[in-house]
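Here the structure is a predicted model, which is why all the values come from computation and not from measurement. In what follows, every heavy atom counts, from backbone to side chain, and hydrogens, waters and symmetry copies are set aside. Chain letters run A, B, ... following the sequence lines, proteins first, then strands; residues in each count from 1.
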Protein chains: 4
Amino acid sequence: MPDKRERILSSAEALIAQRGFHGISMQQVATRANVATGTIYRYFSDKETLLRCVHEERLRDAATAILQNVDAEEPSYAQFRQLWLNTMHYLQASPDSLCYRVQYEASPLFNREEERLMDERYFKPVHEFFECGRVKGLFRDLPAELLGFLALENLMLLIQKCTKGCIELNNDIYEQLLDASWNAILKR
Amino acid sequence: MPDKRERILSSAEALIAQRGFHGISMQQVATRANVATGTIYRYFSDKETLLRCVHEERLRDAATAILQNVDAEEPSYAQFRQLWLNTMHYLQASPDSLCYRVQYEASPLFNREEERLMDERYFKPVHEFFECGRVKGLFRDLPAELLGFLALENLMLLIQKCTKGCIELNNDIYEQLLDASWNAILKR
Amino acid sequence: MPDKRERILSSAEALIAQRGFHGISMQQVATRANVATGTIYRYFSDKETLLRCVHEERLRDAATAILQNVDAEEPSYAQFRQLWLNTMHYLQASPDSLCYRVQYEASPLFNREEERLMDERYFKPVHEFFECGRVKGLFRDLPAELLGFLALENLMLLIQKCTKGCIELNNDIYEQLLDASWNAILKR
Amino acid sequence: MPDKRERILSSAEALIAQRGFHGISMQQVATRANVATGTIYRYFSDKETLLRCVHEERLRDAATAILQNVDAEEPSYAQFRQLWLNTMHYLQASPDSLCYRVQYEASPLFNREEERLMDERYFKPVHEFFECGRVKGLFRDLPAELLGFLALENLMLLIQKCTKGCIELNNDIYEQLLDASWNAILKR
DNA sequence: GATGAATGAGAATTCATTCAT
DNA sequence: GATGAATGAATTCTCATTCAT
């Protein structure tokens with residue numbers, strides 16, 4: 001059974017999505033993964049480690065989704081548009097992932113250094129895009145992470161609000177928001 | 001000691017800030033507040049209620065801070081600037097408050113309807129400012145909440161990142177961010 | 001307020017009847033009696049004492065009800081019939097009282113010596129009736145308490161079963177049971 | 001140790017006998033059974049379930065004891081005598097069982113329907129004996145449960161009184177009581 | 001490697017009792 | 001006498017983790 005680790009991870013993911021960050025027990029994860037409780041501890045030294053791994057897994061998935069079809073050869077706006085739409089679609093398709101991330105980052109599990117490393121590892125092309133635009137004088141003279149934040153990351157909270165039902169979006173609003181993001185980072 | 005309720009609330013706040021939303025026990029809250037465990041239950045029917053009250057308290061404080069010195073008679077940009085700076089300063093001064101809110105809103109405690117009512121109650125002037133600008137044709141034709149979100153609320157995640165040490169800010173960056181926010185909502 | 005003690009007692013009775021022997025708190029008793037929690041302790045040294053007093057109160061009421069219209073001048077069977085019917089009616093009218101008594105007597109509160117004293121105090125005429133019949137050679141040569149038990153006290157469990165819905169009674173059955181009781185104690 | 005469930009059950013039984021139906025904690029049960037608190041919850045989902053199981057277990061044991069050596073081929077009186085003596089001996093040998101049952105039936109745990117099912121399951125032969133006698137015209141024309149009650153079940157309260165020390169019995173009295181029970185149910 | 005029964009510390013909550021006012 | 005806020009030990013139940021098989 002080469003996929004036991006995988007099964008455990010995805011069980012944890014699914015359960016957290018359903019019941020919230022702290023609403024799951026190792027027993028539940030084990031049951032859903034069709035393994036014994038003790039088995040989890042062969043793959044993850046403790047619950048914290050398991051949660052960290054889920055986090056990294058999701059981050060990797062997110063990066064993959066967001067970078068899909070982004071071609072560094074294309075013009076900046078086209079790339080930006082693709083990035084923005086990818087982000088939006090990914091967040092809407094996986095609201096749980098978002099909910100998990102927000103809680104994880106606000107929790108004591110969150111570790112600045114590890115986060116930076118993962119960002120580096122998975123989101124390098126995104127940072128490079130913004131850095132490149134900054135150097136070319138297209139974007140504001142802000143650190144790439146800040147540009148990325150202004151343009152993409154704030155969608156996280158926004159989509160969370162939508163998921164919770166506070167705000168409703170439609171295609172017209174999408175375009176406006178995309179435009180607003182673009183204008184936020186453009187140098188004047 | 002007429003302020004026992006107050007002491008309990010602020011103990012809960014402080015502990016959540018230190019140990020995270022789910023990392024606190026009623027015992028700890030009681031000990032820190034210098035009351036007996038049972039005493040908490042005279043003031044809050046259960047843990048959930050206590051957490052909800054902390055949330056509302058914080059929201060009220062935040063609204064007060066953010067609306068300070070905002071004068072509806074002044075020009076739009078002046079008002080916006082004041083709102084933005086107030087928000088920024090409040091968030092920086094009370095990073096715990098922020099951390100709490102993000103966790104609360106991602107938790108199962110969060111209830112859309114109650115949230116809407118509280119928003120209405122405490123942040124009405126903010127919404128009015130954005131609505132007014134929209135009607136005048138100054139801001140994009142987006143719902144006031146979305147404008148508010150684009151301009152102010154996304155600072156939440158940003159400051160959280162700063163607090164966690166991922167990004168460093170300075171006065172120059174402030175001005176850039178303020179400007180970026182302004183440009184994000186302006187009608188072109 | 002001369003009746004505060006009385007109010008506390010009857011609140012306790014009523015609550016126990018509604019929620020069972022151990023389902024009541026002193027707070028609830030106090031609230032229902034319209035007194036402060038502490039006030040109960042001016043009249044009853046502790047919960048146990050309160051429960052004992054309720055027990056005695058009920059026993060006295062039961063004795064009064066059972067002895068109503070029993071005339072020592074009348075023939076034995078007439079007296080017996082009256083006793084039996086009184087008992088039956090009392091138990092049916094106050095199933096709570098019964099429920100309370102059964103639980104009390106099975107609980108560690110129950111004290112043999114006190115019980116004997118109370119029996120003596122309140123049920124003397126009943127015992128005398130059976131003793132008298134025994135001496136006359138009408139009833140079996142058994143201790144009066146046993147005769148009383150065979151004739152009357154076993155109705156307690158029976159009525160409890162009825163109250164719980166296990167058995168249904170009607171007038172014809174009454175007469176049969178009355179007759180059965182009479183035959184159980186008669187000397188042959 | 002394959003009998004952990006058994007140990008828990010009998011610890012609960014013993015403690016209830018000692019301290020009363022409501023005077024036991026899961027801790028105490030666990031300690032007496034030499035298991036950890038949590039272990040109880042592997043076998044019984046909660047305290048209520050544990051108490052219900054003790055009840056059923058005892059009922060089954062009682063039925064077994066009471067039906068011992070009762071032969072449906074023998075004459076009615078012989079069967080009755082055996083049933084009555086079995087009941088008496090069982091009750092005297094297991095006064096705790098009795099005490100438990102009375103408290104259980106008076107408690108909110110008691111459920112009419114479940115009780116009927118258990119009665120059916122375990123005491124069917126007893127009911128059949130009485131029903132059969134009724135049909136033959138030997139016993140009073142009363143429902144079998146009532147005949148059973150008059151003949152046997154009222155011994156419960158009686159033995160309880162003896163156990164508590166209110167009444168003393170001897171062999172002569174046994175015979176008298178047995179005879180009284182027989183006469184109570186006989187058709188005249 | 002895998003299992004899952006067992007563990008027991010720790011959680012939320014209740015409630016008999018006290019005592020300053 | 002009366003009050004009722006405060007107490008804190010005790011209760012039921014959960015769950016991360018271990019370890020004999």
Side-chain angles (χ1 to χ4, degrees), chain A residues 1-2 4-5 7-8 22-31 33-51, chain B residues 1-2 4-5 7-8 22-31 33-51, chain C residues 1-2 4-5 7-8 22-31 33-51, chain D residues 1-2 4-5 7-8 22-31 33-51:
Chain A
M1 267 178 254
K4 224 163 251 193
R5 198 190 117 100
R7 292 215 313 273
I8 293 166
H22 287 267
I24 65 157
S25 70
M26 296 300 260
Q27 264 98 342
Q28 288 168 337
V29 173
T31 303
N34 265 315
V35 299
T37 346
T39 305
I40 299 180
Y41 289 85
R42 296 206 59 76
Y43 295 97
F44 306 94
S45 62
D46 53 20
K47 194 182 187 182
E48 187 174 318
T49 304
L50 172 59
L51 293 178
Chain B
M1 277 184 233
K4 217 159 265 195
R5 198 190 117 100
R7 292 217 314 275
I8 293 166
H22 295 271
I24 67 160
S25 72
M26 297 301 259
Q27 286 288 358
Q28 288 167 340
V29 174
T31 304
N34 263 315
V35 297
T37 355
T39 305
I40 299 180
Y41 292 86
R42 288 199 60 74
Y43 296 97
F44 307 94
S45 60
D46 53 19
K47 194 181 187 182
E48 184 174 323
T49 304
L50 172 60
L51 294 177
Chain C
M1 265 179 255
K4 223 164 253 195
R5 198 189 118 100
R7 292 217 311 275
I8 293 167
H22 288 266
I24 66 159
S25 72
M26 297 299 260
Q27 265 99 340
Q28 288 169 335
V29 173
T31 303
N34 264 316
V35 298
T37 345
T39 305
I40 299 179
Y41 290 85
R42 295 206 61 76
Y43 296 98
F44 306 94
S45 61
D46 54 18
K47 195 182 187 182
E48 186 175 320
T49 305
L50 172 60
L51 293 178
Chain D
M1 271 184 240
K4 220 159 262 194
R5 198 190 117 101
R7 293 217 313 276
I8 293 166
H22 295 269
I24 67 158
S25 74
M26 296 301 260
Q27 286 289 359
Q28 289 168 340
V29 173
T31 304
N34 264 315
V35 298
T37 355
T39 303
I40 298 180
Y41 292 87
R42 288 200 58 75
Y43 296 97
F44 306 94
S45 62
D46 52 19
K47 194 182 187 180
E48 186 174 320
T49 303
L50 172 59
L51 294 177

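- The line from CD1 of C:I40 to OG1 of C:T49 is 12.0 Å long, rounded to the nearest 0.5 Å.
- Put simply, CD1 on D:I8 is 14 Å from P on F:dC13, counting in whole angstrom units.
- Among the nucleotides E:dA2, F:dT3, F:dA6, the one closest to any side-chain atom of B:Y43 is F:dA6.
- Taking each heavy atom of D:Y41 and D:D46 in turn, the nearest pair found is CE2-CA, 4.0 Å.
- Taken to the nearest 0.5 Å, the OG1 atom of D:T39 stands 14.5 Å off from the CZ atom of D:R5.
- B:I24 has its side chain within reach of B:K47: a pair of non-hydrogen atoms, C-beta onward, lies under 4.5 Å apart.
- With DNA chain F read from its 5' end, the first of the two nearest nucleotides for B:V35 and C:T39 is the one closest to C:T39.
- What separates NZ of A:K4 from C1' of E:dG4 is a distance of 13 Å, to the nearest Å.
- Residue D:I24 is in sugar-phosphate contact alone, with no base atom involved, counting any heavy-atom pair closer than 4.0 Å across all strands shown.
- Applying the 4.0 Å criterion to OP1 and OP2 of F:dT14, one finds that A:S25 has every side-chain N and O outside that range.
- Considering OG1 of B:T37 and CE of B:M26, their distance stands at 9.5 Å, rounded to 0.5 Å.
- Atom CD1 of residue C:I8 and atom NZ of residue C:K4 lie 8.0 Å apart, to the nearest 0.5 angstrom.
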For nucleotides 17-21 of chain E, print each protein N/O atom paired with a nucleotide N/O atom at under 3.5 Å, atom names and distance only.
{"unit_1": "E:dT17", "atom_1": "OP2", "unit_2": "C:Y41", "atom_2": "OH", "d": "3.2"}
{"unit_1": "E:dT17", "atom_1": "OP2", "unit_2": "C:K47", "atom_2": "N", "d": "3.0"}

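- At a threshold of 4.0 angstrom between heavy atoms, the contacts of A:L50 with the nucleic acid are absent.
- A distance of 10.0 Å separates CG of C:L51 from CZ of C:F44, quoted to the nearest 0.5 Å.
- One interatomic measurement links the two molecules: CG of B:N34 to P of F:dA6, which rounds to 13 Å at whole-angstrom precision.
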DNA chain E in dot-bracket, Watson-Crick or G-U pairs under 3.5 Å, [ ] crossing, | other strand? .||||||||||||||||||||
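- Atom CD1 in A:I40 sits about 16 Å away from atom P in E:dG1, given to the nearest Å.
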